[in-house]
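Structure first, commentary second.
As the structure is a prediction and not an experimental result, all values here were calculated from the model. Index from 1, following the sequence.
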Amino acid sequence: MKTAKKAIMLFLLFIVVSVKGQYKEFEVDVVGTGESILLFPGFTCTGSVWEDVVVELSKNYECHVFTFAGFGNVTPIEKPWLPKIKDAVNKYVKEHELENPIIIGHSLGGALGLWLATDYKHPYSKLIIVDALPSTGALMIPNFDSEKIAYESPWNKQLLEMDKVSFQSMAAQMALGMTLNIQKQQQITGWILQADRETYVYGYTDLLKLDLREDIAKIAIPVTILGAAQPYGLDMVKTTFENQYKKLKNYNIEYAEDSAHFIMYDKPEWFLIK
């Protein structure tokens with residue numbers, strides 16, 4: 001009964017406009033009124049990852065909630081995937097005449113936000129980066145060199161050819177370390193399995209290729225960075241973040257000590273006050 005009442009209240013309070021068909025790179029749900037916020041989900045996630053956050057933010061802001069191509073029910077696009085999304089976001093902001101929008105981005109979405117803010121004369125006013133780094137590749141690959149990251153590789157071939165059972169097992173294992181919330185682990189697993197396989201493989205290659213450690217020096221707007229301490233421990237996470245963000249000028253980092261990668265799931269109240 002409470003759930004039904006909540007749904008009715010949300011329907012009455014907020015007008016949800018779905019922007020579909022206009023942009024092949026993503027779909028957008030627009031909720032609430034006020035200053036514009038763009039909410040970018042992490043890799044494989046749909047915009048519903050922000051559901052609880054949007055309930056609160058849309059009371060005072062106009063929330064533009066993205067789901068990227070190849071994820072959820074959004075039709076895949078051809079590679080290069082991430083550069084096309086970046087260009088389409090800028091086009092979306094211009095065509096909808098959004099003035100000085102804020103970006104909130106989780107993981108991949110945070111890296112995208114940083115990339116957008118490195119452009120000359122961009123329209124964005126503030127970044128809130130949720131457990132994301134300027135270079136995911138440098139974190140994961142020894143002796144990292146972005147120019148050596150290629151679409152055609154033995155690892156990508158293995159992922160593309162992996163059978164359904166093996167892929168499902170891998171997805172479930174990955175989700176275990178992403179949130180401490182067991183129910184949300186199942187949701188994350190579902191998103192991974194729902195994702196278009198080529199987008200999963202080649203889109204992640206795009207993310208690994210992206211190295212913004214030098215370019216973030218161009219970012220002049222304020223940046224708030226939220227880092228998750230689990231499962232690697234606060235000291236290791238601090239070292240990683242401080243090293244990767246050392247060229248950024250105007251920023252503040254705060255760490256969620258009892259949270260894994262999906263901070264909005266593990267520390268929802270802490271997240272909202274940040």
Check the pair Val49, Tyr265 against side chain to side chain contact (heavy atoms under 4.5 Å, CB included), reporting the backbone distance first and the verdict last. CA-CA 9 Å; Val49 72; Tyr265 285 165; 3.4 Å; yes

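- The two atoms that bring Asp258 and Asp266 nearest to each other are O-CB, 4.3 Å, heavy atoms only.
- With hydrophobic clusters built from ILVMFWY side chains whose heavy atoms lie under 4.5 angstrom apart, Val165 does not share a cluster with Met174.
- Side-chain contact between Leu210 and Leu82 is present, with at least one heavy-atom pair separated by less than 4.5 Å.
- For the pair Tyr61/Val54, no side-chain contact is recorded, criterion being any heavy-atom separation below 4.5 Å from C-beta on.
- Shortest non-hydrogen contact noted between Ala132 and Tyr245 is O-OH, 2.6 Å.
- A donor and an acceptor atom, one from each side chain of Asn90 and Tyr124, are located under 3.5 Å apart.
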Derivation of the side chain to side chain contact (heavy atoms under 4.5 Å, CB included) call for Ile225 and Leu248: CA-CA 11 Å; Ile225 303 162; Leu248 189 61; 4.1 Å; yes

Checking side chain to side chain contact (heavy atoms under 4.5 Å, CB included) for the pair Lys24/Thr75: CA distance, chi angles, key distance, verdict? CA-CA 7 Å; Lys24 61 182 180 180; Thr75 303; over 6 Å; no

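- Among residues two or more places apart in sequence or in another chain, the salt bridge (Lys or Arg N to Asp or Glu O under 4.0 Å) test is passed with Lys157 by Glu161.
- Met140 is connected to Leu112 through a chain of hydrophobic side-chain contacts under 4.5 Å among Ile, Leu, Val, Met, Phe, Trp and Tyr, so both are in one cluster.
- Nearest heavy-atom pair across Ser146 and Asp211 is CB-CB, 4.4 Å.
- The environment of Asp235 atom CG is sparse: at most 12 non-hydrogen atoms of other residues, nucleotides or ligands sit within 6.0 angstrom.
- Looking at every heavy atom in both residues, Tyr23 comes nearest to Glu95 through OH-OE1, 2.6 Å.
- A single hydrophobic cluster is seen to contain both Val30 and Ile102, as judged by linkage of ILVMFWY side chains at heavy-atom distances under 4.5 Å, directly or through other members.
- Between Glu56 and Lys59 there is a salt bridge, with a side-chain nitrogen of the basic residue lying less than 4.0 Å from a carboxylate oxygen of the acidic one.
- The minimum heavy-atom distance between Met178 and Ile188, with the atom names listed, is SD-CG2, 3.7 Å.
- The two residues Ala260 and Gly177 come nearest to each other via the heavy atoms CB-O, 3.6 Å.
- A distance of 12.0 Å separates NE2 of His64 from CD1 of Ile103, quoted to the nearest 0.5 Å.
- Side-chain contact between Asp206 and Pro83: present, with at least one pair of heavy atoms (C-beta onward) separated by less than 4.5 Å.
- Taking 4.5 Å as the limit, every side-chain heavy atom of Glu25 sits out of range of all side-chain heavy atoms of Trp81.
- Using a 4.0 Å cut-off between charged side-chain N and carboxylate O, Asp119 and Lys218 make no salt bridge.
- Once rounded to the nearest 0.5 Å, the distance linking OG1 of Thr46 with CG of Asp29 reads 9.5 Å.
- Put simply, CD1 on Ile37 and OG on Ser125 are 9.0 Å apart, with the number rounded to the nearest 0.5 Å.
- Put simply, the side chain of Thr224 does not reach to within 4.5 Å of the side chain of Ile129, judged on heavy atoms.
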Let me see the working for Lys184 and Phe262 under side chain to side chain contact (heavy atoms under 4.5 Å, CB included), right down to the final yes or no. CA-CA 9 Å; Lys184 297 299 186 182; Phe262 282 72; over 6 Å; no

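- No more than 12 heavy atoms of other residues, nucleotides or ligands lie within 6.0 Å of CD in Glu147, so this atom counts as exposed by the packing criterion.
- Under the 30°/60° scheme for interplanar angles, the aromatic rings of Phe40 and Phe68 are found to be tilted.
- Under the 4.5 Å side-chain heavy-atom criterion for ILVMFWY residues, no single connected hydrophobic cluster contains both Ile77 and Val74.
- Counting only heavy atoms from C-beta outward, the side chains of Arg197 and Phe167 approach each other to under 4.5 Å.
- In this structure, Asn252 and Val223 have side chains that are not in contact, with every pair of non-hydrogen atoms separated by 4.5 Å or more.
- In this structure, CG in Leu108 is found 10.5 Å from CH2 in Trp115, a value given to the nearest 0.5 Å.
- Note that the CD atom of Glu269 and the CE atom of Met264 stand 16.0 Å from one another [nearest 0.5 Å].
- Taking CD1 of Ile263 as the start and CD of Glu254 as the end, the distance is 10.5 Å to the nearest 0.5 Å.
- Thr179 and His261 form no side-chain donor-acceptor contact under 3.5 Å, judged by distance and modelled atom types alone.
- In this structure, the side chain of Ser166 does not engage the main chain of Met162 through any donor-acceptor pair within 3.5 Å.
- Within 6.0 Å of the CG atom in Asn73, the count of heavy atoms belonging to other residues, nucleotides or ligands does not exceed 12.
- Criterion: ILVMFWY side-chain heavy atoms under 4.5 Å apart, direct or through other members. Under it, Leu176 and Leu180 are not part of a common hydrophobic cluster.
- Relative ring orientation between Phe71 and Phe43 is described as perpendicular, the plane-to-plane angle rising above 60° on a 0-90° scale split at 30° and 60°.
- Using a 4.5 Å heavy-atom cutoff, the side chains of Glu35 and Glu62 are not in contact.
- Within the structure, no pair that satisfies the ring pair (Phe, Tyr, Trp, His ring centres under 6.0 Å) test touches residues 208-240, not counting sequence neighbours.
- Judged by distance alone, the side chain of Ser48 and the main-chain N or O of Glu51 form no donor-acceptor pair under 3.5 Å.
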In residues 198-205, what donor-acceptor pairs under 3.5 Å come from side-chain atoms, sequence neighbours left out?
unit_1	atom_1	unit_2	atom_2	d
Thr199	OG1	Asp196	OD2	2.7
Thr205	OG1	Asn156	ND2	3.0
Thr205	OG1	Val201	O	2.9

